[in-house]
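What follows is a single structure, written as structure tokens, with notes after it.
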Amino acid sequence: MTVSEHANSRYDTSMPKVAMGCAAAVVALLVMFSIDVTWVTENFGYEKRTDARVPTFFIRMLFLIGMLAGAFVAFTNLSYYKRNRVALAPWLFLSVGLAFFLIYVIIPIFQSISYSFTKWNGLYDVTGTWTGEWVGFENYRILFGDPNFYTSLYNNVLWLLLFMLAIPIGLGIALFLNQTVTGIRIYKSMFFFPFVISQVVVGLIFSWAYNPEFGLLSEIWGWFFCEQKINIVGNITTSCSVDPPSILGEAKYATYGIIAAGLWPQIAYCMILYLTGLNNVSPDQVEAGRLDGAKGWKMLRHVILPQLRPATFIAVVVTVIGALRSFDMIATMTQGGPFGSTNVLAYYMFDQAVGEGVGRYGYGSSIATILFFIMLIYISYFLWRMYQDEKAER
Amino acid sequence: MYKSLIRATAAASAAALLATSAWASDLVVTFDDLNPAPKKAFEDAVEAFKKANPDINVTVNITDREAHKSSIRNALLNDAPDVITWYPGNRMGPFVDAGLFMDISDMWASDPNLSSKFNAIKATMTRDGKQWGVPYSYYQWGVYYRKDIFDKLGLAEPKTWDEMLGACDKLTEAGVTPFTIGTKYLWTAAGVFDYLNLRTNGYDVHNDLTAGKIKYTDPRIRKTFDNWKVMLERCSPVKNHATMSWQDAIAPFANGDAAMYVMGNFSVAGYKDAGLTEDQIDFFQFPEITPGLARAEEAPADAFFIASKAKNVENAKKFMAFIAQPDIQGEWNKAIGQLPPNSDAAINKDDKFIVEGMATLSTASGLAQFYDRDAPAAMAKAGMEGFQKFMLDPSTLDEVLANLDKVQSEVY
């Protein structure tokens, strides 16, 4: 055996291993399809088919994994794979993630877009046939004449714009906290605290605070405008010369009320980003700036902020994402009310498709499609920015 | 080949299984209320059924009411239970149209109870001229009021629209807000709308509206809203109703700041929990508006349906017939404080609200289900948002009605 022959043998297909792998995969596949609920019910002592569904699923998954393992062994022993190992190995590792991404993200996107051209209430009939009907662009025609859609779109923009306030406020607090005083860590963690609380809890706390009957706000309001009285049956009641504002009950304030609640944790998030950023500000440059006579605003604008650019970029990204994740806050605080005035596209979509059994799946999908394309613009910009930055670094 | 081998084994073992339990058959029932009282009442009824049919092996699934609203979609398709709870009226429409509920018109024709004791509610269970389910419970809506406040001001239960407006004026004068309501979750406003429309235009017009045959800008519906506007002005509801749930709205009622509440009978427990006694609260039917109009009432019902994919249809029908019996319906509804749809069933005579509710409903000329069950869900959602908007600012009426017409044209 010459040297070159020996080297080549590394790339040879190992027939026995490939055959074994293939055989294992085929057997596993066959077993997987032959094990059904009925079989499990009868052989594992379950009384009902319904009870046997979960174990059936897991047994099938076990054989699915077996099949994949067999296929893996067979594939990695092919000479084709061996020759192109360097190029193929990453794809092999990625394949699992890609498969799930395909099943749970990519395919549903296209499904959802296709539903948006139909009128469908989410049901299949007794034979399992889809009950919707194709209506072309009808949903979009309705959508573009739907005042609720524009309200939602307007609110989305409002969220995006006002949420940006978290960045300067967060920066302000970070600058304020960026000093060495005894116990500064305690103050920092207190400022950071709201970010740790779940959005749902933040929503609840704020809706209580806003409540015009017993909330914190109406309590403070009461000091100035209200007095306690005895009512007709002898109970104490409050009467006000000017009624306390019903923030979540009035269309013109409600969205601002929810945004304010959302800002609370978001500011904390931006603050922490800037605090870490400030740790990395080079003292030399600050020193040099000082020698050149920069201080106060000029120092911040020309020396500190440029060094905080990476932190600002991340802060903008997470704030945009936070503004688009307003769903939880709206769901806990107003459910889109009063009369749909606090809807954003994501919530309106949910509301029309699955919420309260409204069941306009086609219409909901058309809202989702519009939201998808709006997001696509932002995501494309973001990816392009990242790409440009990486190119510059290279 | 391997597969057929397994199938053969399966068939053999199934045969063996059948041989051992020769007469036992199954029945799977899905119920949608986890609250203690309704759950127990249902379980008691199932126990009684088991006792009457010892050969039937009954399996019960009890789910959360809200979760049930979405899970029923899958439940009716895959591994359907035999009997399942759902709402009658238009709410059952999508499932009936998709063929997921079984037509039980034959039972309604032949069963001694269903054929003669359920006349008041039969229309509600009917779609396309066929009957689809068996109701086990319903309850009345109306005006609950603070009797002590009414007595103090010398007010009697109003029988007509003018009497009610007069009572409101007196209450307002005395510093009491006439009505409490919490519209945060929208549906409470629909209760008020339903009554105003039923009293202004009657059952048929109301039914045509919720069935999509009449536009919201129709002059008759406008008349309803005109009455509502008068009611908002003279019988003003509590401020901040848009931030309150129906439970929150009990607080001003219990405190004596508000005197009336348009609600369903399930709310009585809430008043009592808030510290009110039987003597302090009472009930009257929503007063007449258009004189001489046949009186229709709001009476949402809960019902059982047989899934089209039911595996044990005979047993399911046995169960349906069983729960239609007067004694079962009587016991069940005594336990949950509601009314039995079977007119022969005994009611709890000690509960004045139940007695009055029975009197109200048994003499009604028609029973509406409730706006969000009579109208398709998508219409109901838009409609109730419109009602809330109108309540907060009556000047938006034209805008609201035009939008509802538009949604109506899209949804039906």
Side-chain angles (χ1 to χ4, degrees), chain A residues 27 30-31 33-35 38-39 42-43 48-50 53 121-128 131 138 142 145-148 207 210-214 229 231-237 239 243-244 246-251 334-341 351-352 354-360 363, chain B residues 2-3 5-7 9-10 13-14 17 26 28 59 61 69-70 73 76-77 79 91 94-95 97-100 146 148-149 152-153 174-176 183-186 239-244 248 251-252 255-257 308-309 372 376-378 380-382 385-386 388-389 392 399 403 406 410-411:
Chain A
V27 169
L30 282 177
V31 175
F33 279 114
S34 24
I35 289 178
T38 322
W39 188 85
E42 280 152 15
N43 290 281
K48 282 196 303 146
R49 294 180 73 242
T50 25
R53 276 186 299 188
N121 62 6
L123 286 176
Y124 294 86
D125 77 3
V126 74
T127 57
T131 61
E138 180 67 10
I142 297 172
D146 179 356
N148 270 334
S207 50
Y210 288 151
N211 190 301
E213 296 292 321
F214 55 77
K229 266 198 198 159
N231 72 6
I232 187 161
V233 290
N235 290 335
I236 299 167
T237 185
S239 89
D243 287 317
S246 169
I247 292 181
L248 297 181
E250 276 189 47
T334 61
Q335 290 84 39
F339 54 85
S341 60
D351 193 61
Q352 290 294 309
V354 281
E356 290 257 342
V358 172
R360 292 171 89 181
Y363 193 56
Chain B
Y2 181 72
K3 199 166 169 179
L5 198 72
I6 288 195
R7 282 276 148 78
T9 335
S13 54
L17 209 74
D26 289 317
V28 182
T59 314
N61 306 312
K69 287 180 186 168
S70 48
R73 294 166 167 268
L76 289 174
L77 281 175
D79 264 312
R91 257 310 181 57
F95 298 121
D97 296 345
L100 295 171
R146 286 291 297 264
D148 50 349
I149 298 180
K152 202 168 258 180
L153 295 173
V176 182
T183 62
K184 182 174 182 186
Y185 297 99
L186 304 172
K239 292 164 191 153
N240 308 323
H241 58 77
T243 57
M244 292 194 284
D248 294 339
N255 198 38
D257 298 331
S308 295
K309 289 203 164 181
D372 70 353
K381 174 83 185 180
E385 282 187 352
Q388 192 192 37
K389 187 169 185 177
L392 290 169
E399 190 192 322
N403 186 47
K406 199 156 70 66
E410 292 156 8
V411 166

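Atoms considered below: every heavy atom in the structure, side chains included; atoms not considered: hydrogens, waters and symmetry mates. Chain identifiers are assigned alphabetically (A, B, ...) following the order of the sequence lines, protein sequences preceding nucleic acid strands; residue numbering begins at 1 within each chain. These numbers come from a predicted model, not from an experiment.
For the side chain to side chain contact (heavy atoms under 4.5 Å, CB included) with A:Tyr124, the qualifying choice from B:Leu76, B:Leu77, B:Leu100 is B:Leu77, the only one to do so. Among B:Asp257, B:Val176, B:Asp148, the single residue meeting the side chain to side chain contact (heavy atoms under 4.5 Å, CB included) criterion with A:Val233 is B:Asp148.
Note that CG of A:Asn148 is 9.5 Å distant from NZ of B:Lys381, once rounded to the nearest 0.5 Å.
In terms of modelled atom types and a separation under 3.5 Å, the side chain of B:Asn255 and the main chain of A:Asn235 share no donor-acceptor contact. With hydrogens and angles ignored, the 3.5 Å screen pairs a side-chain donor or acceptor of B:Lys406 with a backbone N or O of A:Gly145. Panel note: side chain B:Lys152, backbone A:Ile232; a donor-acceptor pair is recorded below 3.5 Å. Side-chain atoms of B:Gln388 never come within 3.5 Å of backbone atoms of A:Pro338 as a donor-acceptor pair (strictly under, hydrogens ignored).
For A:Ile247, no part lies near chain B; criterion is any non-hydrogen pair under 4.5 Å. The contact between B:Thr59 and chain A is made entirely by side chain atoms (from C-beta outward), counting heavy-atom distances below 4.5 Å.
For the options A:Phe339, A:Tyr210, A:Phe214, heavy-atom pairs under 4.5 Å to chain B are most numerous at A:Phe339. Ranked by heavy-atom pairs shorter than 4.5 Å toward chain B, the options A:Leu248, A:Thr131, A:Thr237 are led by A:Thr237. When each of A:Gly249, A:Pro212, A:Ser239 is scored by its heavy-atom pairs under 4.5 Å with chain B, the top score falls to A:Pro212. By number of non-hydrogen pairs under 4.5 angstrom with chain B, the leading residue of A:Asn211, A:Val126, A:Asn121 is A:Val126.
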- Could you go step by step and tell me if A:Gln335 and B:Lys184 meet the side chain to side chain contact (heavy atoms under 4.5 Å, CB included) rule? CA-CA 9 Å; A:Gln335 290 84 39; B:Lys184 182 174 182 186; 3.6 Å; yes
- Message: The test is side chain to side chain contact (heavy atoms under 4.5 Å, CB included); show your working for B:Asp248 and A:Glu213 and say whether it passes.
- Response: CA-CA 10 Å; B:Asp248 294 339; A:Glu213 296 292 321; over 6 Å; no
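Minimum heavy-atom separation, A:Leu123 to B:Ala98: CD1-CB, 4.4 Å.
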